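We use all heavy atoms of the structure for the numbers below, so side chains are in, but hydrogens, waters and symmetry mates are not. Given the structure is predicted, the values throughout are model-derived calculations rather than measurements.
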Amino acid sequence: MKHKIVGKQKNSKLCFVCGMKNDLGLKAHFYATEGQELIALFKPCEEHQSYPGRLHGGVASAVLDETIGRAILNKYDTEVWGVTIELNVKFKKPIPLNEELKVVGRITKENNRIFEGTGEIYLQNGETAATAYGKYFKVPLERIADFDPEENEWKIIEKEDDPDEIEI
Ligand SMILES: CCCCCCCCCCCC(=O)SCCNC(=O)CCNC(=O)[C@H](O)C(C)(C)COP(=O)(O)OP(=O)(O)OC[C@H]1O[C@@H](n2cnc3c(N)ncnc32)[C@H](O)[C@@H]1OP(=O)(O)O
């Protein structure tokens, strides 16, 4: 299925998943789709392994967590932020290193205090490698962190190969 991309989310400086200056991080890029989903693209490397050649389950969980947690920004931009209070991940296939992976996240339920969502990691052959359910508590950003957007380099990073559509 082709997903039309309607926008790109911001990256940060040091977040493990989206920090562009975190040398050991995933440096994932996040694209909002026409269908209100969020797709992360990232390429894990040797430092992200568990068994040799296999992505660490905790790292897979981190990218699923962030992709679902960021899907709320599709709707509210930066007016609503969440902290994870529950994450359930199922690992269905070994996830290889050194190849680009696609992660899809979406919000499935929301009230004034909590939002919930689901997500998946897809291999290059289209197989679903991991699935997740996450629950997030809405917390004003000033209660989560001392977050100065400039200092944290919170901005859209444009790349020449940013896609207009993503096939999964
Ligand atoms: C750089 C940019 C990147 C930007 C990237 C954005 C990415 C987002 C994705 C990544 C997000 C993360 O990893 S965040 C990091 C991981 N998560 C965290 O650090 C969260 C740690 N937990 C907390 O801070 C706290 O527990 C809070 C804030 C969630 C709640 O604390 P509180 O405000 O004191 O409230 P409290 O009274 O304890 O609870 C309020 C109500 O919620 C319920 N509640 C509390 N915890 C839970 C729970 N785990 N599961 C179910 N329900 C719960 C309570 O029973 C209560 O219900 P009642 O009695 O009122 O009915």
Side-chain angles (χ1 to χ4, degrees), residues 1-77 82 84 86-109 115-136 154-168:
M1 182 184 167
K2 281 187 176 151
H3 299 263
K4 188 171 185 316
I5 302 307
V6 294
K8 185 169 188 184
Q9 289 196 357
K10 293 175 178 172
N11 280 77
S12 72
K13 184 178 177 185
L14 288 173
C15 170
F16 176 70
V17 174
C18 72
M20 300 310 287
K21 292 193 179 158
N22 185 334
D23 289 342
L24 296 176
L26 303 181
K27 297 188 174 69
H29 291 260
F30 294 87
Y31 301 93
T33 75
E34 197 173 41
Q36 291 287 316
E37 292 184 316
L38 187 69
I39 301 182
L41 301 181
F42 77 108
K43 192 193 269 193
C45 60
E46 299 296 328
E47 285 77 6
H48 302 135
Q49 68 184 272
S50 52
Y51 293 102
R54 187 182 290 232
L55 183 65
H56 198 291
V59 176
S61 303
V63 71
L64 281 161
D65 179 22
E66 181 149 342
T67 307
I68 302 167
R70 272 174 171 265
I72 197 79
L73 304 179
N74 282 353
K75 183 170 173 188
Y76 295 109
D77 192 15
T84 318
E86 190 180 332
L87 185 69
N88 185 317
V89 183
K90 292 181 180 168
F91 303 97
K92 301 186 167 197
K93 305 265 179 209
I95 302 177
L97 307 171
N98 301 315
E99 63 181 58
E100 188 178 72
L101 299 165
K102 295 168 185 164
V103 189
V104 185
R106 66 198 65 79
I107 303 304
T108 54
K109 198 169 167 189
F115 63 90
E116 297 173 23
T118 57
E120 308 85 36
I121 298 179
Y122 293 93
L123 303 180
Q124 288 200 337
N125 65 7
E127 285 184 317
T128 307
T131 63
Y133 156 82
K135 192 173 189 179
Y136 301 78
W154 181 246
K155 58 187 178 191
I156 293 175
I157 307 290
E158 288 183 8
K159 290 197 301 166
E160 262 181 27
D161 59 350
D162 278 330
D164 296 324
E165 58 180 27
I166 295 174
E167 175 136 29
I168 295 176

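The residues Glu120 and Arg106 are annotated as salt-bridged, a charged nitrogen and a carboxylate oxygen being separated by less than 4.0 angstrom. Using a cut-off of 4.0 Å between Lys/Arg side-chain N and Asp/Glu carboxylate O, Glu165 and Lys4 are scored as not salt-bridged.
By the ring pair (Phe, Tyr, Trp, His ring centres under 6.0 Å) test, Phe30 pairs with no residue at all, sequence neighbours left out. A search for side-chain hydrogen bond (donor to acceptor under 3.5 Å, both in side chains) contacts involving Asn98 returns Glu46, not counting sequence neighbours. The salt bridge (charged side-chain N to carboxylate O under 4.0 Å, His left out) check on Glu127 picks up Lys93, with sequence neighbours excluded. With sequence neighbours left out, the side-chain hydrogen bond (donor to acceptor under 3.5 Å, both in side chains) criterion links Glu116 to Tyr133.
Screening residues 11-25 for side-chain hydrogen bond (donor to acceptor under 3.5 Å, both in side chains), with sequence neighbours left out, gives Lys21-Glu153. The side-chain hydrogen bond (donor to acceptor under 3.5 Å, both in side chains) analysis of residues 53-65, with sequence neighbours excluded, yields the pairs Asp65-Thr84, Asp65-Tyr136.
Ile157 and Asp162 make their closest contact through O-OD2, 4.1 Å (heavy atoms, listed as atom of the first residue, atom of the second, distance). Heavy-atom minimum distance, Ala129 versus Leu123: CB-CD2, 3.6 Å.
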**Request:** Before giving the answer on side-chain contact (heavy atoms from CB on, under 4.5 Å), spell out for Phe42 and Leu101 the whole-Å C-alpha distance, their side-chain angles and the decisive distance to 0.1 Å.
**Result:** CA-CA 6 Å; Phe42 77 108; Leu101 299 165; 3.7 Å; yes
**Item:** Working for side-chain contact (heavy atoms from CB on, under 4.5 Å), residues Gln9 and Ile156
**Value:** CA-CA 6 Å; Gln9 289 196 357; Ile156 293 175; over 6 Å; no
**Request:** Apply side-chain contact (heavy atoms from CB on, under 4.5 Å) to Lys102 and Ile121, showing your working.
**Result:** CA-CA 6 Å; Lys102 295 168 185 164; Ile121 298 179; over 6 Å; no
**Message:** Let's go through Val103 and Tyr122 carefully: what are the C-alpha distance in whole Å and the side-chain angles of both, what is the deciding distance for side-chain contact (heavy atoms from CB on, under 4.5 Å) to 0.1 Å, and is it a yes or a no?
**Reply:** CA-CA 6 Å; Val103 189; Tyr122 293 93; over 6 Å; no
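His3 places no side-chain N or O within donor-acceptor distance of the main-chain N or O of Ala32, the cut-off being under 3.5 Å.
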